[in-house]
Protein chains: 2
Amino acid sequence: MTAKNPGVQVRGSTTGRPVMVLFDVLGQRWTLRILWELRHGRLNFRDLRGRCDDISPTVLNARLKTLRELKLVDHREGGYAYTDQGAELSRKLATFDQWAERWAKTLNPS
Amino acid sequence: MTAKNPGVQVRGSTTGRPVMVLFDVLGQRWTLRILWELRHGRLNFRDLRGRCDDISPTVLNARLKTLRELKLVDHREGGYAYTDQGAELSRKLATFDQWAERWAKTLNPS
DNA sequence: TCTTGACGCTACACAATATGTAGCATTATG
DNA sequence: CATAATGCTACATATTGTGTAGCGTCAAGA
């Protein structure tokens, strides 16, 4: 499964519509989690892996490769971090946190 | 892999933090797509399947089951549709569309 | 009362992906 | 040199998804 650029056809869609490309990559296991954990700042491979409950390095590497290709994450001295675009996306993901808290309350009013 | 309620421990996380539950389910293949397609209004199983590029019915059913358990989707006469909570979430997803369009332009300035 | 068709699935064999552990190659440090 | 940290890769096993067939229920028409 290779990440495709938006504008190109993608698994599960014949449109190549950018949002489909995004959903395709976010819908892979661990991608959302990785983006979420990078909010802690630039992290090296092993630290990021630790934050992600010791995800298999095979998968972590595959996801990081995709995220780099899609210019959501970069890799420099010191480790992995958001690009500007990735930071924008992560700000969107951050809003899911508050939403999920409210959602959880209505699900488990306990 | 069963969907767990927020507040309960979840695959890939020891916190049970609600946003992790959300990322867990959104990170399964097809979940984002299914939520996206439901923006067309209430759809029956076969129509929804058609919108999702004829996804395997096995997976569609599994995802719908999870989404119903998490009260993001309901199933009534006429088919599947968002709950109020699901509609809130889908509004968040809708903003990804515009974002992805801009992102695509910077990726492929063509 | 017999089709016929729509619908919501389930079964199942096969294919693709993820997991988990080991460990290699490179670089820096003592 | 030896040691340790880092960024991975290899690989066998386990989990998940795919794709096709088709079943059971219901409702409408002949």
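From a predicted model like this one, the values you see are computed outputs, not experimental measurements. Proteins come first, then strands; the chains are lettered A, B, ... in the order of their sequence lines, and each starts at number 1.
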Exercise. Kindly indicate, with the supporting measurements, whether the criterion side-chain contact (heavy atoms from CB on, under 4.5 Å) is fulfilled by B/Q85 and A/R102.
Key: CA-CA 10 Å; B/Q85 312 249 32; A/R102 278 181 284 122; over 6 Å; no
Quiz item: For B/K105 and B/E101, what are the C-alpha separation, side-chain angles and deciding distance, and is it a salt bridge (Lys or Arg N to Asp or Glu O under 4.0 Å)?
Solution: CA-CA 6 Å; B/K105 274 183 198 129; B/E101 291 289 342; 5.4 Å; no
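In this structure, the CZ atom of A/F45 is 22 Å from the P atom of D/dA4, given to the nearest Å. Atoms CG (B/L64) and P (D/dG17) sit 14 Å apart, rounded to a whole Å. Straight-line distance from the CG atom of A/L32 to the P atom of C/dA18: 13 Å, rounded to whole Å. One interatomic measurement links the two molecules: CZ of A/R46 to C1' of C/dG23, which rounds to 10 Å at whole-angstrom precision. Taking atom CD on A/E77 and atom P on D/dT6, their separation rounds to 12 Å, with Å as the unit. Taking atom CG on B/D54 and atom P on D/dT20, their separation rounds to 9 Å, with Å as the unit. Rounded to whole Å, atom P of C/dA18 lies 14 Å from atom CG of B/D24. Distance B/L60 CG to D/dT18 P: 11 Å, rounded to the nearest Å.
Between the side chain of A/S56 and the base of C/dG20, a donor-acceptor pair under 3.5 Å is found.
Side-chain proximity of A/N44 to the nucleotides D/dT6, C/dA18, C/dT21 is greatest for D/dT6. Checked against D/dG19, D/dT9, D/dG17, the side chain of B/Q28 finds its nearest nucleotide in D/dG17. For A/R29, the side-chain atoms get nearest to D/dG17 when compared with the rest of C/dG8, D/dG7, D/dG17.
An OP1 or OP2 oxygen of C/dT19 is reached within less than 4.0 angstrom by a side-chain nitrogen or oxygen of A/W30. Contact annotation: A/N61 side-chain N/O to D/dT9 OP1/OP2 distance is under 4.0 Å.
No donor-acceptor distance shorter than 3.5 angstrom exists from the side chain of A/R33 to the backbone of B/M20, with no hydrogens or angles considered. Between the A/Y82 side chain and the A/E88 main chain, no donor and acceptor come within less than 3.5 Å of each other.
Aromatic ring orientation, B/W36 versus A/F23: perpendicular (interplanar angle above 60°, classes split at 30° and 60°).
Both B/P57 and B/D47 lie close to DNA chain C; mapped to their nearest nucleotides by heavy-atom distance, the more 5′-ward contact belongs to B/D47. Between B/R49 and A/R49, it is A/R49 whose nearest contact on DNA chain D lies nearer the 5' terminus.
Near-neighbour residues of DNA chain C inside residues 35-42 of chain B, defined by a heavy atom below 4.0 Å, are absent.
Few gaps surround CG on A/D54; more than 12 heavy atoms of other groups in view lie less than 6.0 Å from it. Enclosure of atom NZ in B/K92 by more than 12 non-hydrogen atoms of other residues, nucleotides or ligands within 6.0 angstrom is indicated.
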